There are 2 protein chains.
Amino acid sequence: MTLPLDALPVPDSVRQQLDFLLESHRLTGIVRLNRLLDGSRGESSAEHSWHLALTATILAGEHAPGVDLSRVLSMLVIHDLVEVEAGDVPIYDEQSRLDIVAVEERAAVALFGRLPAAQGGELLALWHEFEDAVTDEARFARAIDRLQPLLLHWASDGAAWAQRGVTVARERRLMAAIEQFWPSLGPLADSLVTDAHRRGLLAD
Amino acid sequence: MTLPLDALPVPDSVRQQLDFLLESHRLTGIVRLNRLLDGSRGESSAEHSWHLALTATILAGEHAPGVDLSRVLSMLVIHDLVEVEAGDVPIYDEQSRLDIVAVEERAAVALFGRLPAAQGGELLALWHEFEDAVTDEARFARAIDRLQPLLLHWASDGAAWAQRGVTVARERRLMAAIEQFWPSLGPLADSLVTDAHRRGLLAD
């Protein structure tokens, strides 16, 4: 994006932050597999990120009272920013998900590198924390990131599953990560998959 | 939305949370005045809420190191949810902004009332905290909520300003709230308005 940021009479660090915020806004143009619940268009990755933050806010009290919620929310807000360069690769494209790792890593370095050095380093570390899924905050965030699309697929009569021909066994295997990341969310994920199968939304 | 939530074998409190999350997802269908930066479609209120959370994350360290960031982020994530019932009313429709207050209040009671009672009460209080703009967390969040559209209008060559015939004096008056809510953000807001006027994006 070429914007007349140079002409703004603000400190360099502020200019870098505005540039980062405007570049990041392109996440609104990255379209995901699932559609809005009214079917009108694909959900953008920006909307997905917002709904993850809302979901974390709603579920944290009961499921993760000890985690640092500000860290979880910041992580969810930034976790997909690399897609402005790398695009969104659905979880069902398993080989492509592996192939994209190095691309996303380069995109993260470039994008967070637009910020003042110290802040860019902190956000890059936060993004790595999410990817590495070791801390409680990252593991809760990762579980939420997998649970939200499951809920939307379930609520939209499995349209995305049908489009990709996803079987119940495959969905159960991919969603097992929810319980691995955050055990107390496992039963909820299992209920959604089981009900979707019962209703014929996931194939045998 | 009518979803087969009743058939899910989960506790009532979880059913209420899922119902709330799915109803809230309708915020993706609420279209704001400004378009995406590539001009392709209007920004949704869900995307706006995400970008506010990102902006707060980026600016908090320098501008608001003492505020509770988790509270700021949660507030920003929920602050526009009432629009799923009330719709978005641009700041430039000043009379309509006043008229909508009671509608939004009823929408908040109804929407947060879908949650388990204790949690719904907490979120309704958080929404009121944002609206009342008394605490530091709410005031910082309110400043960010006004700064982000200003930045987007500036970055999209003032398309929304032109559409509404906004003068520099009017924009300066409306954006004065940024400095009132959070003084250290005043100079940045002023720089954007002044530069937009210099470039002819805001009329005399």
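Here the structure is a predicted model, which is why all the values come from computation and not from measurement. Labels below follow one simple rule: chain letters A, B, ... track the order of the sequence lines, proteins then strands, and each chain is numbered from 1.
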Atom pair [atom1]/[atom2] of [X] and [Y] - distance to nearest 0.5 Å:
X	Y	atom1	atom2	answer
Glu47(A)	Leu27(B)	CD	CG	8.5 Å
Leu54(A)	Leu73(B)	CG	CG	12.5 Å
Thr57(A)	Arg71(B)	OG1	CZ	11.5 Å
Leu8(A)	Trp154(B)	CG	CH2	4.5 Å
Ser24(B)	Ile58(A)	OG	CD1	7.0 Å
Arg15(B)	Leu188(A)	CZ	CG	11.0 Å

Quiz item: His25(A) vs Trp50(B) aromatic rings, parallel, tilted or perpendicular, using cut-offs 30° and 60°?
Solution: tilted
Quiz item: Does His51(B) use its side chain to pair, donor to acceptor, with the backbone of Leu21(A) at less than 3.5 Å?
Solution: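 Yes; at least one donor-acceptor contact below 3.5 Å.
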Exercise. Looking only at non-hydrogen atoms, find the nearest pair between Ala7(A) and Asp195(B) and report the distance.
Key: O-OD1, 4.0 Å
Self-check item: Residue, of Leu69(A), Thr55(A), Val10(A), that accumulates the most heavy atom pairs under 4.5 Å with chain B
Solution: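 Heavy-atom pairs under 4.5 Å are most numerous for Thr55(A).
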Relative to chain A, which segment of [X] carries a heavy atom at a distance below 4.5 Å: side chain, backbone, both, or neither?
X	value
Arg41(B)	side chain
Leu76(B)	neither
Leu81(B)	side chain

Quiz prompt | Thr28(A) and Glu43(B) side chains, donor-acceptor separation under 3.5 Å | solution =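 Looking only at side-chain atoms, Thr28(A) and Glu43(B) do not form any donor-acceptor pair under 3.5 Å.
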